[in-house]
Amino acid sequence: MALKVVKVVVVAVINTLRKHLVKPLAKQLAKRRIKQTSHFQWGLLAVGVLGFCVPLMAAVLPEDRADILFHSYDGGGLTVNGPSLLARKQVGKSLSVWGKYYVDSLTSATIDVVSSASEYTEERIEQSVGFDFLHDKSTISLGYTNSAENDFVANTYNFGISHSMFGDLTTVSLGFTVGLDDVSSSVDPNLNESAERFKYRLNLSQVITKNMLMSATFETVTDEGFLESPYRRVRFLDPSDASGVGYQSEEYPETRTSHALAVNALYYLPYRAAVKIETRVFTDTWGINAAMYELGYTHPWRKHWIFEVKYRAYTQDQAEFYNDMFNGIDEFIYRARDKELSSLNTTSIGLGASYEFGSKSWRFIDRGSVNLMYDRYQIDYQNFRNETAVGFTPGTEPLYSQTADIVRFFVSVWY
Amino acid sequence: MFNVKGFAKRLGVVVAASMLLGSIAQAEILEGPAPDFTLKSRSGENVKLSELRGDVVMINFWASWCAPCRQEMPLLEDMYKKYSDLGFVLLGVNVEEDSSKAIELLREVPVSFPVLFDNKNDVTKLYKVVAMPSTVMVDRDGNMRYLHRGYLPGYEAEYIKQIKELIRE
Amino acid sequence: MKHLLLGMAVVLIISGCGIEPWVKPYERANLADPIMSFDRDPSATSYINHVHESRELSRGAESGQGGGCGCN
């Protein structure tokens, strides 16, 4: 309920701003023939030049650290698991390099698959490298990620700059990401499509008091190209078929632009514990509005343990061109029945425990930790019906829902 | 389109202006007498700065939660051992309200120079500390001479250079 | 004119680094505690973000991306 109210208010605010501020401003700019890019350049300049600011306290590079993580997702007929390795090392005084290797081994017998094809397995391997370069109070980051499946390859290039100011009470970060996807199909050898993604990110993190931190992030993402899955189909009422249902391929618009705004807060409790509040609202050009909030509590115990609990809730509207059951073939140009595009609500409850160990007398390692985290994740689809349910007229089946168990086990070392 | 020439021009103007403003604040040479203070040391006795007149005094403001402070602690100890016979004193002023974590850290990283506890931050405020750690060099006449904000690997060479210079005066 | 104003704003922001902070650097004991981090374990955070992003249509502005990992 509260989530709905937040969502309505934020969407209203965004729309009002758009109507009364952004649009008239754009009109005026066009009238005066002022190039918008010059504003963009000034912005870029402001951030770039902040690097010359006085060093009151040097910003620091991330700590040298390595993580080995095993992850597992099990729910709705889908199991995904695999290892993930992440290592970071400082080179010289102002450079920190990192590399990551990540695997998703997937066995899918999800409802989409069961109702239209057979179970399949596949593997996705993601490899990333990057570095952070520190100069006075600014950090410049570059990263590259390659993600490969047998029918999907994505290359992502990431650039970021962050700057600490006002006596290190404020950190401003800008990020820019370009993603290039190549989509093929294991059933259609002629399918060879691509998509481009651009992400613009602005983050402000702020020390509020001796015991409180806040951060606000705004991110715009635009996609262009082939955005649907080559395997998914929509269903429609088909009186000519004995079952009463016909199927045809999905068709998505070729562009999508989204805006997300997140505001997070962390509060230190007097007896050494932390409360975290995260909120996020989202809107996109496919007509999807969404809102999320998360509450977390972190409690250290004795010298070596840290326990965590969290609750997370998310809700979204469906895409304009989504339908659980279309009225006929080619009813609309754009059509989707990917359950992720349906209106849905999710909730998760998470528990975590970390045990820290370490000793000054060790030679190569300063300290380490062993961590186990468990999340119970429930998804309730609001307009995606379970077509495997028997004894129902097509289109009147019960709504689908699924519950997943998510486990993360990892060991971290600092050196 | 992106106007490269215009951008470069603007960049020049802004960089020049900000460097000018920046250079004023960047000075690390101090002048004037070091404000006097008395603090309780780890061994229980009071240490008064003005009673150290005649020695070169290095005042290092630190905290156990501050990573660069922990990093320079053993280096400070080396310096103290090497120069304490030549008229050099190092005072490690801990800025924490609760000293227990500092005492715990000193058990792991033992130091022989005097560690003072500024639980109420009176001295820290008196010296207008704006970075952790902060290091102030005081000459034999009790005048502040140099200030170091923060610590990065390599600062110790700077410290030693200044200690030697002030001892020779 | 507009550009001049913008330029001045930029210079002010930069020199504004000298503003007296209301939380002093020596008062950061609690803020420096590892539990006061939005992203204490980057691998774990990036994995759970990936799980959510694959099943929820919302994307962008996730917590814990500041570390420079451009992971999708």
(message) Strictly less than 4.5 Å between heavy atoms, which residues of residues 114-128 of chain B line up against chain C? Please order them by number.
(response)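 Contacts with chain C: B:N121, B:T124, B:K125.
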(message) For C:Y47 and C:H50, take the angle between the two ring planes, folded into 0 to 90°, and tell me which bin it lands in: parallel under 30, tilted 30 to 60, perpendicular over 60.
(response)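 Taking C:H50 first and then C:Y47, their aromatic rings sit tilted (interplane angle of 30° to 60°).
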(request) Give the ring-plane orientation class for B:F88 versus B:Y80, where under 30° counts as parallel, over 60° as perpendicular and anything between as tilted. (result)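 B:F88 vs B:Y80 ring planes: tilted.
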(message) Within a 6.0 Å radius of atom CD on B:E31, are there more than 12 heavy atoms belonging to other residues, nucleotides or ligands?
(response)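 No, because the 6.0 Å sphere around CD of B:E31 holds 12 heavy atoms or fewer from other groups.
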(message) Heavy-atom count check: over 12 atoms from other residues, nucleotides or ligands less than 6.0 Å from B:E165 CD?
(response)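 Count over threshold, so yes.
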(request) Take C:D39 and C:S37, measure what side-chain hydrogen bond (donor to acceptor under 3.5 Å, both in side chains) needs, and give me the verdict at the end. (result) CA-CA 5 Å; C:D39 184 20; C:S37 165; over 6 Å; no
(message) So which atom in B:R149 and which in B:V130 form the shortest heavy-atom distance, rounded to 0.1 Å?
(response)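 That closest heavy-atom pairing would be NE-CG2, 3.6 Å.
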